[in-house]
There are 2 protein chains.
Amino acid sequence: MAAALRVIEEEGVGVLTMRRLAREVGSTAMALYHHVRDKEELLLLLLDDYAAGLPRPELPEEPRERVVAAAMAMHEAVSGCPWAVDVLRADDLMSVGALWYPERIVDAAVRAGLTMEEAVDAYRIIWHYTAGEIGGRAAARRRREEGRPTHRERVFAELDAEEFPRLSQVAARWEELTVRDTYGKGVRALVHGLLP
Amino acid sequence: MAAALRVIEEEGVGVLTMRRLAREVGSTAMALYHHVRDKEELLLLLLDDYAAGLPRPELPEEPRERVVAAAMAMHEAVSGCPWAVDVLRADDLMSVGALWYPERIVDAAVRAGLTMEEAVDAYRIIWHYTAGEIGGRAAARRRREEGRPTHRERVFAELDAEEFPRLSQVAARWEELTVRDTYGKGVRALVHGLLP
DNA sequence: ATGCATTTTTATACATGTATAGAAACTAGC
DNA sequence: GCTAGTTTCTATACATGTATAAAAATGCAT
């Protein structure tokens, strides 16, 4: 795990292969499979460690603000973790070390007056939004790094202004409009719409 | 494209490999690369065709209801497309054939009183939520099909009731609580929070 | 028809995750 | 110290996406 972490931090998650990690610890790739089920589990364990070591921010008392703050902390935590993206789609709970976030969110939602069922719904909806936002941004960044042409360019190039007036209107500014961080805006909207 | 579509529909997206597709059309894997940049582009083209052929549902006039309806139609469209999941994270626009959805959403948002910038934000936030929801559900299904133990089980097994009272409280019912479709609830919340 | 340039296809190769089979190292009981 | 069983590791193999280089096919001007 330490070796894996070192490789990731020094050279990026892209170069962490099973063979590379094996070489790093003086073993063979398949030997690693005695300790982890597959590569995803390895990354999950790393994520877990990472999450467990995160500082837990002070949260406001007011329930709605509390949910927003917890969600934004969760978002920030995952954003700062380059290998999280490959694991995120795994489930609706991130990892053991990161249970702190759902616990706070569900709790605050209940305190805001939601039933337990509603609170779980609220958490999962917030989580899906979070995962989607991070996944999208990570994919975009990766694409940019690899120099691949964004799909968007092609889309906007052959845009029919008759059929899609609104999109044509913003086509030129899309890039500019979409680099801004709108995560907070989204969570706030969700909290506004989900909590009484 | 037709061959790829046939393979996917008959045997699932999992068996569509470049070599298999090549065999299907009596060629070699690398020959395909003259027509598509990579496998992702192939899937994107398929998705595009699929999206272009979708029926465009009648939408309510009232702007907020219109956004909700368009979003739900978009969600349903993507859900019904098994190979969409592998492409979705690509960007914040799905594909040319699916531009109908963002166009309606942005337009309705503007008609509801948002500025163009705000409308684009709203669309992207809804899109991220949609992508996250579908990605998560697809991952869960795949995991179930492969018989892999869900990460969640392990998480809940070693849950400390002292530290995570709320989560412990729902641990046993998590499965039951999370099979329900809460997408609509989420979009409604977003629309409620984003549109004036 | 012929020679050249461009398009399209093949052959081969590599890195990757991981399955399988078996070897080696270790542990417990005597 | 020896044996049987278990844990851990190694060797090899395969399917996959795709890079690279070369071959073949095609189109075009003469």
Side-chain angles (χ1 to χ4, degrees), chain A residues 1-8 10-48 82-91 138-139 142-151 154, chain B residues 1-8 10-48 82-91 138-139 142-151 154:
Chain A
M1 301 265 312
L5 197 58
R6 200 179 56 238
V7 171
I8 286 183
E10 284 173 11
E11 309 178 49
V13 70
V15 306
L16 185 75
T17 68
M18 298 306 271
R19 286 174 175 83
R20 171 64 194 273
L21 179 56
R23 181 149 39 90
E24 209 76 20
V25 300
S27 179
T28 67
M30 287 315 292
L32 302 174
Y33 282 85
H34 192 257
H35 307 281
V36 293
R37 158 180 287 264
D38 50 24
K39 192 182 179 186
E40 183 174 321
E41 181 168 310
L42 175 72
L43 292 172
L44 205 60
L45 288 172
L46 286 174
L47 181 60
D48 209 27
W83 64 94
V85 181
D86 301 295
V87 187
L88 268 187
R89 325 187 326 145
D91 228 323
R142 198 175 305 190
R143 198 166 310 263
R144 224 174 301 125
E145 280 172 8
E146 289 176 15
R148 228 191 294 210
T150 70
H151 173 47
R154 209 157 27 107
Chain B
M1 300 265 312
L5 196 59
R6 200 180 55 238
V7 170
I8 286 183
E10 284 173 10
E11 309 178 47
V13 70
V15 305
L16 184 76
T17 68
M18 298 306 272
R19 286 174 175 85
R20 171 64 193 273
L21 179 56
R23 182 151 37 91
E24 209 75 21
V25 300
S27 179
T28 67
M30 287 314 294
L32 302 174
Y33 283 84
H34 192 257
H35 307 280
V36 292
R37 158 181 289 265
D38 49 22
K39 193 183 178 185
E40 183 174 321
E41 181 169 309
L42 175 71
L43 291 172
L44 204 60
L45 288 171
L46 286 175
L47 180 61
D48 210 26
W83 63 94
V85 181
D86 301 295
V87 188
L88 267 187
R89 325 184 330 141
D91 228 323
R142 197 175 306 191
R143 197 166 311 263
R144 223 174 303 124
E145 280 171 7
E146 289 176 15
R148 229 191 294 211
T150 70
H151 173 47
R154 210 158 23 108

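All heavy atoms count here, side chains included; hydrogens, waters and symmetry mates do not. All chains are named by letter (A, B, ...) in the order of the sequence lines, taking the proteins before the strands, and each is independently numbered beginning at 1. Model, not experiment: these values are computed from the prediction.
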| note | Contacts of B/Arg23 meeting salt bridge (charged side-chain N to carboxylate O under 4.0 Å, His left out) (sequence neighbours excluded), chain-then-number -> none
| message | Tell me whether the side-chain N or O atoms of A/Arg19 pair up with the base of C/dT18 as donor and acceptor below 3.5 Å, since no angle test is needed here. | response |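 Answer yes: a donor N or O sits under 3.5 Å from an acceptor.
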| Under the 3.5 Å rule, do the base of D/dT18 and the side chain of B/Arg37 count as making a donor-acceptor pair? |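 No, no donor-acceptor pair under 3.5 Å.
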Rounded distance (nearest 0.5 Å) linking atom [atom1] of [X] with atom [atom2] of [Y]:
| X | Y | atom1 | atom2 | value |
| --- | --- | --- | --- | --- |
| A/Leu21 | A/Thr28 | CG | OG1 | 11.0 Å |
| A/Ser27 | A/His34 | OG | NE2 | 12.0 Å |
| A/Leu32 | A/Arg37 | CG | CZ | 16.0 Å |
| A/Leu16 | A/Arg6 | CG | CZ | 11.0 Å |

In whole angstrom, what separates [X]'s [atom1] from [N]'s [atom2]?
| X | N | atom1 | atom2 | answer |
| --- | --- | --- | --- | --- |
| A/Lys39 | C/dA15 | NZ | C1' | 11 Å |
| A/His35 | C/dT18 | NE2 | P | 16 Å |
| B/Glu40 | D/dT18 | CD | C1' | 14 Å |
| B/Leu21 | D/dA15 | CG | C1' | 16 Å |

| task | Please identify each residue that fulfils side chain to side chain contact (heavy atoms under 4.5 Å, CB included) with A/Leu45, with sequence neighbours left out. | result | A/Met1, A/Val36, A/Glu41
| query | Does anything in residues 24-34 of chain A reach DNA chain D, meaning a heavy atom under 4.0 Å, and if so which residues? | reply | A/Ser27, A/Thr28, A/Met30, A/Ala31, A/His34
| task | Evaluate the side-chain proximity of A/Ile8 to A/Leu46: yes if any heavy-atom separation is below 4.5 Å, no if none is. | result | yes
Looking at every non-hydrogen atom in both residues, tell me the closest pair between [X] and [Y] and how far apart they are.
| X | Y | value |
| --- | --- | --- |
| A/Tyr33 | A/Asp38 | CE2-CA, 3.9 Å |
| B/Ala29 | B/Ala22 | N-CB, 3.4 Å |
| A/Met18 | A/Leu42 | SD-CD2, 4.4 Å |

| message | I need the residues from residues 10-18 of chain A with at least one non-hydrogen atom less than 4.0 Å from DNA chain C; give them sorted by number, or say none. | response | A/Leu16, A/Thr17, A/Met18
Check: protein-nucleotides 21-24 of chain D nitrogen or oxygen pairs below 3.5 Å:
none

| field | Listed once per pair and sorted, the salt bridge (charged side-chain N to carboxylate O under 4.0 Å, His left out) pairs that draw on residues 12-22 of chain A, sequence neighbours left out | value |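 As it turns out, the salt bridge (charged side-chain N to carboxylate O under 4.0 Å, His left out) pairs with a partner in residues 12-22 of chain A, which skip direct neighbours, are A/Glu11-A/Arg20, A/Arg20-A/Glu24.
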